[in-house]
Peer 1: 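Starting off with a structure, shown below.
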Number of protein chains: 2
Amino acid sequence: MSPLARRPAAPAPGTRSRILATAAEEFGARGFAATTVDRIARRARVNKAMIYYHFPSKRALYTAIVRSHFAPIVERLAAITAQQAPPDQQLDLLIQTLVEAIDASKPFLSIFLREIADGAVHLGSEDLALLAGIFGTVRSVIAEGTSQKVFQPVHPALAHFTIIAPVIMFRATAPVRARIEATRGVVIPDADRSTVVSHARMVARRMLAPQ
Amino acid sequence: MSPLARRPAAPAPGTRSRILATAAEEFGARGFAATTVDRIARRARVNKAMIYYHFPSKRALYTAIVRSHFAPIVERLAAITAQQAPPDQQLDLLIQTLVEAIDASKPFLSIFLREIADGAVHLGSEDLALLAGIFGTVRSVIAEGTSQKVFQPVHPALAHFTIIAPVIMFRATAPVRARIEATRGVVIPDADRSTVVSHARMVARRMLAPQ
DNA sequence: GTCTATACTTCGATAGAC
DNA sequence: GTCTATCGAAGTATAGAC
């Protein structure tokens with residue numbers, strides 16, 4: 001190789017992951033349709049054509065982000081139920097893990113909310129399977145507790161969302177609450193993770209306590 | 001007026017409301033950016049130019065929808081706290097009213113979720129005031145109960161979302177749950193309104209019961 | 001792997017006749 | 001109030017040089 005030759009094909013290791021991270025922020029903040037590939041490129045400091053070099057389409061880029069966020073959550077949840085602990089202990093661990101997952105990525109939380117509003121039209125059957133896995137895990141732990149008479153009988157889906165929806169909505173509404181605080185001069189206290197976990201556990205315990 | 005003259009300006013009473021209803025469905029199902037004025041026009045069976053005759057812009061149409069949905073909810077909530085009932089009774093009424101509001105318009109529920117994901121960028125200070133009103137009403141009833149020692153102390157925002165977020169997410173996820181049922185052959189029971197109200201009241205009562 | 005330039009499409013919005 | 005026709009701005013995606 002001539003020393004005078006240029007190096008036109010030097011790999012830039014951070015490029016692909018920088019695209020993914022920036023795209024997640026944009027999709028989360030604006031939604032799929034309102035996100036432009038131009039803007040992702042500019043913010044990730046790559047050329048727009050580079051995005052199409054790494055991903056076949058805007059949609060494929062979006063799908064890659066969704067998969068990479070869902071999969072590890074389901075794995076961690078499965079690890080908890082694999083151990084044969086009592087239902088109330090498993091539920092405490094499930095709550096801890098779910099709150100950590102929700103806190104792990106603010107953009108993904110927004111993507112998740114939009115996906116629900118969309119009726120999950122962007123999710124393939126593999127993604128739906130991951131979602132069903134999360135739902136099924138919580139549900140089976142509650143069902144086990146009910147059959148052992150340590151939990152009272154509850155509507156499965158309503159119980160599931162009673163545990164997790166408050167955390168989702170509380171975290172997701174943080175920017176809106178901040179705007180209300182700023183605009184209207186009221187103080188709405190935030191909460192750190194241990195406060196949120198404690199609250200969710202308290203709610204779960206009280207909701208499921210036998211009559 | 002000559003009998004031969006045409007009547008080019010016959011009013012079509014249903015036009016404006018048909019635009020509003022169709023636009024709400026589209027904004028709910030697709031989000032603001034993905035919704036096209038062309039499609040609203042086609043589905044509402046009006047000419048696109050008619051939309052711009054009734055509303056100055058796509059954004060103004062969206063805002064009109066948001067206002068018309070938020071305002072009556074806040075009114076009904078205010079009517080409840082105006083009466084001087086005990087906190088637990090007020091809370092039961094608040095829950096009933098909020099569940100009814102959530103069930104009243106499926107499109108608006110999706111619009112609401114997307115607005116949260118957006119950080120409420122489409123909402124002006126008047127809309128934020130309405131949102132703050134909903135939040136403040138629940139919050140003040142809980143605070144009153146706590147100061148009367150009939151409720152235990154709780155984090156205001158977490159308590160608020162513990163009561164209302166499960167209902168929001170349960171209703172909003174109905175299409176996704178249906179897809180999971182269809183794709184994966186599992187049965188996820190739905191719930192009618194009285195079941196949802198009872199569940200939310202049970203959760204609120206148990207969460208707020210003094211230790 | 002990276003860039004420039006551009007083809008192709010869609011969409012919000014308006015002009016102007018009736 | 002209602003229509004047709006169209007402008008102009010963005011935006012996805014690709015071709016092709018280096």
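Chain identifiers are assigned alphabetically (A, B, ...) following the order of the sequence lines, protein sequences preceding nucleic acid strands; residue numbering begins at 1 within each chain.
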Peer 1: How close or far is atom P of dC11(C) from atom CZ of Arg39(B), stated in whole angstroms?
Peer 2: 10 Å

Peer 1: For this output row, return yes or no: ring centroids of Phe108(A) and Phe27(A) closer than 6.0 angstrom.
Peer 2: no

Peer 1: Can you tell me the distance, in whole Å, between the OH atom of Tyr52(B) and the P atom of dA5(D)?
Peer 2: 19 Å

Peer 1: Between Asp92(B) and Arg205(B) (salt bridge meaning N to carboxylate O under 4.0 Å), is one present in this structure?
Peer 2: no

Peer 1: Would you mind telling me which of dT2(D), dG12(C), dA13(D) lies closest to the side-chain atoms of Thr15(B)?
Peer 2: dT2(D)

Peer 1: Verify whether one side chain among Thr173(B) and Arg177(B) offers a donor that lies under 3.5 Å from an acceptor in the other.
Peer 2: yes

Peer 1: Check the distance between dT2(D)'s P and Arg16(B)'s CZ and give it to me in whole angstrom.
Peer 2: 13 Å

Peer 1: Starting at atom CD of Glu26(A), determine the distance to atom P of dT12(D), rounded to an integer number of angstrom.
Peer 2: 11 Å

Peer 1: Check every atom of dA13(C), dT12(D), dA13(D) against the side chain of Lys58(B) and return the nucleotide holding the closest atom.
Peer 2: dA13(C)

Peer 1: Tell me the interatomic distance from Met50(A), atom CE, to dT14(D), atom P, rounded to whole angstroms.
Peer 2: 15 Å

Peer 1: Which nucleotide wins on minimum distance to the side chain of Asn47(A), given the candidates dC3(D), dT4(C), dT12(D)?
Peer 2: dT4(C)

Peer 1: Please give, in whole Å, the distance from dG12(C) P to Arg30(B) CZ?
Peer 2: 12 Å

Peer 1: Are Glu25(A) and Arg43(A) within salt-bridge range, i.e. N to O under 4.0 Å?
Peer 2: yes

Peer 1: Given dT4(D), dC3(C), dA13(D), identify the nucleotide with an atom nearest to the side chain of Ala49(B).
Peer 2: dT4(D)

Peer 1: Please state how far atom CD1 in Ile51(A) lies from atom P in dA13(D), giving the value in whole angstrom units.
Peer 2: 11 Å

Peer 1: Could you state the OH-P distance from Tyr53(B) to dG1(D), rounded to the nearest angstrom?
Peer 2: 4 Å

Peer 1: Output the single nucleotide from dA13(D), dA13(C), dC11(C) whose closest atom is nearest the side chain of Lys48(B).
Peer 2: dA13(C)

